[in-house]
Number of protein chains: 2
Amino acid sequence: MKATIYDVAKEAGVSIATVSLVINGKGKISEERREEIRQIMVRMGYKPSMIATALTGKKTYAFGLLVPDISNPFFAEIARAVEDEGQRHGYSVFICSTDNKDEKARHYAALLQQKNVDGVIISTGMKELSVLNPLLQGGVPVALLAREFPSVAVPSVVVDDYAGGAAAAEHLISLGHSRLAVLAEQESISSSRERVRGFRQTAEAAGVFLEPLFVVSCGHKDGKDRAMELLQMKDRPTAIFCCNDLLAIGALRAAKEMGMRIPQDCSIIGFDDTVLASVTDPPLTTIAQPIEQMGQKAVQLLVRQIGQPGEEAERIVLPPSLTIRQSAAVPSNDSRYNHLDEKTSG
Amino acid sequence: MKATIYDVAKEAGVSIATVSLVINGKGKISEERREEIRQIMVRMGYKPSMIATALTGKKTYAFGLLVPDISNPFFAEIARAVEDEGQRHGYSVFICSTDNKDEKARHYAALLQQKNVDGVIISTGMKELSVLNPLLQGGVPVALLAREFPSVAVPSVVVDDYAGGAAAAEHLISLGHSRLAVLAEQESISSSRERVRGFRQTAEAAGVFLEPLFVVSCGHKDGKDRAMELLQMKDRPTAIFCCNDLLAIGALRAAKEMGMRIPQDCSIIGFDDTVLASVTDPPLTTIAQPIEQMGQKAVQLLVRQIGQPGEEAERIVLPPSLTIRQSAAVPSNDSRYNHLDEKTSG
DNA sequence: CTGAAAGCGCTTACAG
DNA sequence: CTGAAAGCGCTTACAG
């Protein structure tokens with residue numbers, strides 16, 4: 001069997017208390033003894049059992065990461081950042097894919113509590129408070145990542161969605177577009193609403209108003225269909241702002257199926273800047289989220305909370321940035337799809 | 001604080017032993033008492049602490065998943081499959097990205113052992129046995145997923161790499177290609193070697209021999225560069241078999257940068273069939289791995305081992321399948337890139 | 001049918 | 001400078 005603290009104590013001819021003290025670098029023990037015991041530990045291949053350590057009231061050095069789906073590239077990248085930063089602070093992470101279902105989220109939250117995790121990072125959408133509340137009441141530190149829940153004071157890190165939407169609008173308008181459309185996520189997703197709001201207000205400030213019919217929200221799978229409807233309207237938009245890259249890819253496909261060329265016949269701009277964006281054809285111009293930084297900040301918030309519970313809930317807002325690739329360009333008038341008047345800027 | 005078994009015992013007026021028995025559905029306890037105690041548990045919101053449970057010699061209901069990088073779509077999809085099947089059996093999973101570095105793998109392996117996980121699924125490349133051995137010697141159940149380590153008897157699930165390579169060759173040859181190239185992964189990756197072997201032998205059996213210069217192995221980042229070199233050779237290949245989708249994407253880019261059209265000027269075929277494959281332009285024809293099934297089988301192997309240690313190490317080989325999209329086609333002679341004799345079949 | 005007691009592998013006051 | 005003892009929240013024989 002694996003060596004326990006008793007084995008090394010016996011081997012060293014001391015009590016387990018002494019061994020415990022050297023493990024934790026505590027107490028006043030002669031440096032010689034300390035070193036001697038350390039040697040014995042490595043010789044015996046002794047590693048303290050973290051579960052015993054945890055039972056004794058200390059931490060489990062594990063936390064949970066709730067995401068909609070770990071196989072979604074955005075969350076996979078988030079997970080990597082969280083894992084690395086967690087590791088840096090000594091934590092392991094449990095992955096929990098919820099498919100954005102409150103029920104699954106609740107189930108995972110309860111499970112994580114039973115496992116006595118030191119905290120949980122929530123990056124999944126939640127309709128109800130019923131997933132957050134048990135955690136909060138159980139005194140489990142929580143940090144929100146790329147998600148918010150207005151009514152509760154929980155530390156969170158988000159990208160400035162409004163600014164992201166604004167940047168998209170600015171780019172499109174500077175390119176000379178004036179018939180703008182938006183492919184949004186479900187109404188319930190606050191980040192998506194903010195992106196649309198930023199996009200709309202910035203466009204309007206520039207004198208470009210969004211046709212109500214041109215702003216549509218999509219479910220998980222119907223991005224392509226919605227985009228196609230958009231592109232089939234008369235006086236169709238010359239540019240589409242998509243609230244995430246997956247949606248943008250749907251739009252790309254819709255356009256391709258209709259025989260349109262991107263960006264000549266229609267500009268498309270995405271949001272997130274995951275691997276996918278660099279791989280599509282054409283590569284996506286998109287609003288980049290600082291994914292790595294977001295993951296890092298989230299675990300830092302969580303770790304701070306674990307260290308000093310009851311701290312004030314900080315809210316970190318990170319700036320997005322525009323990544324220009326090739327899916328957005330100056331609108332052209334010579335395409336067979338542009339049979340309408342276009343006020344092309346300079 | 002959270003309720004403990006003592007709290008519910010007191011509330012129910014029984015001993016903690018009795019409560020424990022009803023928790024575990026053991027012992028002979030009158031159905032009324034049992035039910036009464038159950039009610040009390042739900043009323044008090046009592047959930048047994050899994051860490052105490054684990055200390056008592058039972059399981060932690062957690063296992064580790066070692067992958068090169070969770071943000072790599074292939075492994076992200078693997079992780080999702082593993083998570084779901086794990087969940088189905090009552091296990092949570094720790095993610096561990098190793099970047100294919102033995103040192104990181106060893107570190108994670110040791111950590112997982114300290115955390116007393118019930119097992120670990122290894123899906124990361126390892127150069128040395130030094131990562132596997134401590135686990136094996138520590139009696140930690142292990143299952144290999146999409147990776148093998150010849151010299152040790154560990155349950156594993158892999159795709160039939162040879163057959164995958166063969167399928168790629170068959171497809172390309174049936175399309176009429178005769179100047180075939182291969183973009184392989186590092187020599188050390190056994191699955192890649194097998195794919196190349198299957199590809200080569202099948203081609204040769206059909207009378208098509210691979211130019212030695214046309215078989216190159218790439219590191220993590222230089223797929224595009226290697227592909228470009230390939231495409232710049234005189235008598236350049238008309239088709240490239242890439243040992244994973246990422247490499248194929250590199251080849252796609254190389255071709256695009258050189259002004260070549262895919263598949264008209266060169267056919268490209270990948271391996272894996274992750275999300276990426278369906279998003280590129282043109283969408284990738286690729287050899288699909290049954291990712292979900294692989295993940296499921298791996299956890300089943302692991303769970304079986306946890307249940308009955310010392311079982312014989314089973315090796316499960318799953319068949320790959322060809323997913324035809326648009327990156328491979330009949331070689332054309334009219335391209336400016338095809339200035340050379342081509343024996344185009346039928 | 002149910003309780004007392006030991007034990008899992010640690011940590012932490014408390015003595016000395 | 002170091003040890004004896006209690007305790008973390010459970011499970012498991014062993015009695016009765």
Side-chain angles (χ1 to χ4, degrees), chain A residues 1-38 40-41 44-62 90 111-118 138-140, chain B residues 1-38 40-41 44-62 90 111 113-118 138-139:
Chain A
M1 277 326 305
K2 276 178 58 176
T4 72
I5 197 171
Y6 289 95
D7 301 318
V8 351
K10 187 183 298 175
E11 183 75 13
V14 300
S15 76
I16 60 164
T18 303
V19 177
S20 177
L21 291 178
V22 352
I23 291 172
N24 297 293
K26 292 185 179 174
K28 301 176 192 302
I29 298 177
S30 65
E31 194 44 53
E32 308 140 35
R33 249 188 172 339
R34 210 177 269 284
E35 190 50 38
E36 184 193 335
I37 294 177
R38 275 204 203 94
I40 292 178
M41 294 197 292
M44 303 182 73
Y46 169 75
K47 301 268 183 183
S49 154
M50 296 188 74
I51 101 108
T53 301
L55 220 216
T56 327
K58 302 221 304 187
K59 309 188 297 177
T60 53
Y61 289 100
L111 192 61
L112 290 169
Q113 260 190 92
Q114 270 200 67
K115 297 220 179 210
N116 260 286
V117 294
D118 295 335
V140 180
Chain B
M1 279 325 305
K2 275 176 59 175
T4 71
I5 197 171
Y6 290 95
D7 301 319
V8 350
K10 186 184 297 177
E11 183 75 14
V14 299
S15 75
I16 61 164
T18 304
V19 177
S20 176
L21 293 177
V22 351
I23 291 171
N24 298 293
K26 292 185 178 175
K28 299 175 191 305
I29 296 176
S30 65
E31 193 45 53
E32 306 141 37
R33 253 192 168 333
R34 211 178 269 283
E35 190 49 39
E36 184 192 337
I37 293 178
R38 275 205 203 92
I40 292 178
M41 295 198 290
M44 302 181 74
Y46 169 75
K47 303 268 184 182
S49 154
M50 295 189 74
I51 101 106
T53 301
L55 220 216
T56 328
K58 303 221 302 185
K59 308 189 297 176
T60 53
Y61 290 100
L111 193 61
Q113 260 190 92
Q114 272 200 64
K115 297 219 179 210
N116 262 287
V117 294
D118 295 335

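These numbers come from a predicted model, not from an experiment. By convention in this document, chain letters (A, B, ...) are assigned in the order of the sequence lines, proteins followed by strands, and residues within each chain are numbered from 1.
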* Taking OP1 and OP2 of C:dT2, is either one under 4.0 Å from a side-chain nitrogen or oxygen of B:R33? ->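 Answer is yes, contact under 4.0 Å.
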- Query: Taking only N and O in the side chain of A:K26, is any of them less than 4.0 Å away from OP1 or OP2 of C:dT12?
  - Reply: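 Answer is yes, contact under 4.0 Å.
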For this session: Grab the CZ-C1' distance between B:R34 and C:dC1 for me, whole Å please.
Result: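 That distance rounds to 10 Å.
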Would you mind reading off the distance between B:K58 atom NZ and D:dA13 atom C1', rounded to a whole angstrom?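 Result: 15 Å.
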Next on the checklist: Quick one: does any side-chain atom of A:K47 pair with a main-chain N or O of A:K2 as donor and acceptor, under 3.5 Å?
Outcome noted: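 It does not hold such a pair.
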Set of side chain to side chain donor-acceptor pair (under 3.5 Å) partners for B:E35, sequence neighbours left out: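 Expected list: B:R38, B:Q39.
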- Quick one: list whatever passes side chain to side chain donor-acceptor pair (under 3.5 Å) with A:K59, sequence neighbours left out.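 Only A:Y91 meet the side chain to side chain donor-acceptor pair (under 3.5 Å) criterion with A:K59.
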- Considering all heavy atoms, the nearest B:M44-B:D7 contact: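 Closest approach of B:M44 to B:D7: CE-CB, 3.7 Å.
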Measure across A:T60 and A:N116 and return the closest heavy-atom pair with its distance rounded to 0.1 Å.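 The pair with the smallest heavy-atom distance is OG1-O, 2.8 Å.
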Report the distance from atom [atom1] of [X] to atom [atom2] of [Y], rounding to the nearest 0.5 Å.
{"X": "B:M41", "Y": "B:I5", "atom1": "CE", "atom2": "CD1", "answer": "8.5 Å"}
{"X": "B:I23", "Y": "B:Y46", "atom1": "CD1", "atom2": "OH", "answer": "3.5 Å"}
{"X": "B:L21", "Y": "B:R33", "atom1": "CG", "atom2": "CZ", "answer": "12.0 Å"}

Expected list for residues 48-57 of chain A: side-chain donor-acceptor pairs under 3.5 angstrom, two or more places apart:
from  : atom 1 : to    : atom 2 : distance (Å)
A:S49 : OG     : A:I51 : N      : 3.3
A:S49 : OG     : A:A52 : N      : 3.2
A:T53 : OG1    : A:S49 : O      : 3.0
A:T56 : OG1    : A:A52 : O      : 2.7

Going by atom type alone, with no hydrogens or angles, which donor-acceptor pairs under 3.5 Å involve a side-chain atom of residues 10-17 of chain B and a protein atom two or more places apart or on another chain?
from  : atom 1 : to    : atom 2 : distance (Å)
B:S15 : OG     : B:A17 : N      : 3.3
B:S15 : OG     : B:T18 : N      : 3.4
B:S15 : OG     : B:T18 : OG1    : 3.4

Just to be sure I understand the geometry, which residues of residues 12-24 of chain A put a non-hydrogen atom under 4.0 Å away from DNA chain C?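 Those residues are A:I16, A:A17, A:S20, A:N24.
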Mind listing the N/O atom pairs, protein and nucleotides 7-9 of chain C, below 3.5 Å?
from  : atom 1 : to    : atom 2 : distance (Å)
C:dC8 : O2     : B:L55 : O      : 3.4
C:dG9 : N2     : A:T56 : OG1    : 3.4

* Stems where DNA chain C pairs, listed by first number, each of three or more Watson-Crick or G-U pairs under 3.5 Å ->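 Looking at DNA chain C, the stems formed by three or more consecutive pairs are C:1-3 with D:14-16, C:5-12 with D:5-12, C:14-16 with D:1-3.
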